[in-house]
Amino acid sequence: MDNRALTRAFRLAAQLLELHGENPFKIRAYEGTASALEALSFPVADVERTGLPDRTGLSKTAAAKVAEMLDTGSFEELDRLLATTPPGVVELLKIKGIGPKKIRSLWKDLGIEDGTQLRAAAENDEVSKLKGFGQKTQQSILDALDFTDQSRGKLLYPQGEELAHELLAHLEAAPGTAQAAVSGEVRRRLETIETVLLVAATTDAATARQVLNGLDGLTADPRRSGPFAWRGTATASGVQVEVRLVSPAEFVNQLLLTSATDAHLNGALTDELLPGQPASLRQWLKREQFATETELYQRAGLQYIEPELREGLWELPLARQQKLPQLLEPGDLRGSLHNHSTYSDGTHSLREMATFLRDGGYEYLGICDHSQAAHYANGLPVERVRQQHQEIDQLNQELAPFRIFKGIESDILSDGGLDYAPAVLETFDFIVASVHSNLKMDERKATTRVLRAIENPYTTMLGHPTGRLLLRREGYPLDHKAIIDACAKHNVIIEINANPWRLDLDWRWVHYALEQGVQLSINPDAHHTSGYADMRYGVLMGRKGGLTKATTFNTKSVEEAAEYFARRKAGIKPPLDFQDSLFG
DNA sequence: GCCGTTTTCGGCCCGACTGTTTTCAGTCG
């Protein structure tokens, strides 16, 4: 059991205590335990049980519960709370916008025990009549229920990829399998996965089906399955699973058919067709069996198209002209910008964050702790900014040629302003501007707000443009075109936040951003040394939009990045002019 | 529940925002 699972258990216990109306200070104690576990930079499971209180700083009783969790997967108090709460009510805790107190009221006053009953009550206008509720709360509950319904049975990309590879290993081991591959949405690298799809070439489809039927964690759906396709769901997540079973000769064709959208398969191949010439990739696939994917594209007169580009958006015309970009590779990245340390809400110290990245072969770290308005995330008052800069100067001497750039993730305030006075802003090498508060603006307001931040000469980079949390929270609505155009005009880099929950800028806008000449940066937003690995997901999303080494900011060498930051800073006009125009 | 101690119980606590109120509770990051 890892620290995250432990943290989740104690946070759940705290929420359940609140749901049951127990002592607020007891609740706070459990939350404190959760936060303490979250902040630990080593795996608690590795610690000797007797040394737990000393190593973790937890009280004896909390440490005992942690030990119980590690040994049994739960602890008595949590079991008791779960036993006395209907499972459907526990589920309601996941809904954004209502917390334990409101759920308690729905449960105790209206007898609501799950999401279905909650929806019915809201639709019958019963919820708005409860004390402390009103029309707006009722509507936001309905909206949130809609969002959870849409998210049900979907996985984030990394979870989908993991499941796909587990299944792949089972299929490859099955007798009769000649070849198997992950296809579908996972192969196309979609940010969320509805169906995990694999293709297996087998001489013994019956055995392959038996293997799948016998797998723990899968529920077969015989009604939707047939001789050439096994269909079902992953029991835990409810995500759809589909395995196409084909003869070895059909393998490549099936892989091609399942790893592209209809738009890609049906798109026109030429402007003028010769008689009898296939008009689309699908027609080629109907006519011939291919031994490799490259062969199909060659026969169709196209440059080879990587699976992640097979969306039917802009890749076919470019492939016709042999002008597809050489896509970014993870190995092209030479530094990592936008990361957190213990100065704000990160788990690892500045030194740990730096040396880990250096030892991983990177040339530079951009540290961007939260700015002062982000109290919840321990944002940095001016004094702590100065402290951090001193430490960075020391570390830079010690760790050279590795370099730490002085960054900040400045909150974009409600009026679009940045979170420090110009005199402070100018002490940073670069500034990532992100929205973290007041997320419910309409599109016009939200866009104006972000535009102001982009126009601010101190803004080097726009952080997670929409604030979305995939499968959890819609981003605020934004006029992407206006935002990207402004970034082009004001020479602001846009981040592809590589955290699997965010993947924001959305890959669908990457191509447009590149057309406008905007540079993108693959930023992990790491709060822990393990977070750097997320950069891979950012690379995958960038590739979907046609991102290349040349158009990615953090493929620059440390010297190039330093020079860019310096040059950009030198171009900033005197701060007073700007203040006048912003607030005048 | 936890901490700290003038040792056995009193105090513990982020601030902004929203939607509900008519002075504040709940939620969020």
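Quick note on labels: first sequence line is chain A, next is B, and so on, each numbered from 1.
Residue A:Glu77 contributes atom CD, which lies 10 Å from atom P of B:dC2 at whole-angstrom precision. Remark: C1' of B:dC17 and CG of A:Asp415 are 15 Å apart, rounded to the nearest angstrom. Distance CD (A:Gln139) to P (B:dT20): 11 Å, rounded to an integer number of Å. Going from atom CG of A:Asp442 over to atom C1' of B:dT18 covers 15 Å, rounded to whole Å. Atom C1' of nucleotide B:dC2 and atom CZ of A:Phe10 are separated by 14 Å, given to the nearest angstrom. One can place CG of A:Asp419 at 14 Å from C1' of B:dG29, the figure rounded to the nearest angstrom. One atom, CD1 of A:Ile141, and another, P of B:dT18, lie 18 Å apart when rounded to the nearest Å. When rounded to the nearest whole Å, the span between CD1 of A:Ile27 and C1' of B:dC2 equals 14 Å.
The gap from the P atom of B:dC2 to that of B:dC17 amounts to 34 Å, rounded to the nearest Å. Annotation: B:dG26 and B:dT20 have their C1' atoms spaced 10 Å apart (nearest Å). With both ends at atom C1', the span from B:dC9 to B:dG19 equals 38 Å, rounded to whole Å. Here, B:dT21 and B:dA16 have their P atoms 24 Å apart, quoted to the whole Å. Using P as the reference atom, B:dG10 and B:dC14 are 22 Å apart when rounded to the nearest Å. With P as the reference atom, B:dC12 and B:dT18 are 29 Å apart, rounded to whole Å. For the C1' atom pair drawn from B:dG11 and B:dT5, the interatomic distance equals 12 Å after rounding to whole Å. Comparing B:dT8 with B:dG15, their P atoms are spaced 32 Å from each other, to the whole Å.
Base pairing analysis places B:dT8 opposite nothing; no Watson-Crick or G-U wobble pair with both distances below 3.5 Å involves it.
Residue contacts shown for A:Asp345 are absent, as no nucleic acid heavy atom lies under 4.0 Å away. Using a 4.0 Å heavy-atom criterion, one finds that A:Thr137 contacts the sugar-phosphate atoms exclusively. Nucleic acid contact class of A:Thr33 (heavy atoms, under 4.0 Å, all strands): none.
None of A:Trp507, A:Tyr512, A:Trp509 except one satisfies the ring pair (Phe, Tyr, Trp, His ring centres under 6.0 Å) rule with A:His480; the exception is A:Trp509. Partner of A:Tyr364 under the side-chain contact (heavy atoms from CB on, under 4.5 Å) criterion, chosen from A:Leu357, A:Asn396, A:Asn554: A:Asn554.
Formation of a donor-acceptor pair under 3.5 Å by the A:His348 side chain with backbone atoms of A:Gly346 is not found in this model. When atom types are taken as modelled, the side chain of A:Tyr476 and the backbone of A:Pro465 share a donor-acceptor pair closer than 3.5 angstrom.
The nearest heavy atom of DNA chain B to A:Leu469 and to A:Gln138 marks one nucleotide each, and the one closer to the 5' end goes with A:Gln138.
In the set B:dG29, B:dG19, B:dG1, B:dG29 carries the atom at the smallest distance from any side-chain atom of A:Arg473. When each of B:dC17, B:dT20, B:dG1 is scored by its nearest atom to the side-chain atoms of A:Asn438, the top-ranked nucleotide is B:dC17. Nearest to the side-chain atoms of A:Asn23 among the listed nucleotides B:dT18, B:dG29, B:dG1 stands B:dG1.
Taking every heavy atom of residues 57-65 of chain A and every atom of DNA chain B, pairs under 4.0 Å involve A:Ser59, A:Thr61, A:Ala62, by number.
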Checklist entry - What string of B, S and - do you get for nucleotides 21-27 of chain B, 5' to 3', if B is base contact, S is sugar-phosphate-only contact and - is no contact with any protein heavy atom under 4.0 Å? => result -----SS

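With respect to A:Glu91 and A:Arg152, no salt bridge is recorded, no charged nitrogen being found less than 4.0 Å from a carboxylate O. Salt bridge annotation for A:Glu77-A:Lys26: present, with a cationic side-chain nitrogen under 4.0 angstrom from a carboxylate oxygen. Contact check on A:Glu191 versus A:Lys544 returns no salt bridge, with no Lys/Arg side-chain nitrogen under 4.0 Å from an Asp/Glu carboxylate oxygen.
Listed by chain and number, the residues in a ring pair (Phe, Tyr, Trp, His ring centres under 6.0 Å) with A:His464 are A:His436 (sequence neighbours excluded).
The shortest side-chain heavy-atom distance between A:Leu505 and A:Met541 does not fall under the 4.5 Å cut-off.
A:Phe565 and A:Phe428 have their aromatic ring centers separated by at least 6.0 angstrom. Ring to ring, A:Tyr362 and A:Phe356 are not that close: their centroids are 6.0 angstrom or more apart.
Dashed line: the shortest gap from a side-chain N or O of A:Ser414 to OP1 or OP2 of B:dC17 is under 4.0 Å.
Taking 90° from 0 as the syn/anti boundary, the base of B:dT18 is oriented anti.
Ring stacking holds between A:Phe25 and B:dC12, with the centres under 5.5 Å apart and the planes within 30 degrees of each other.
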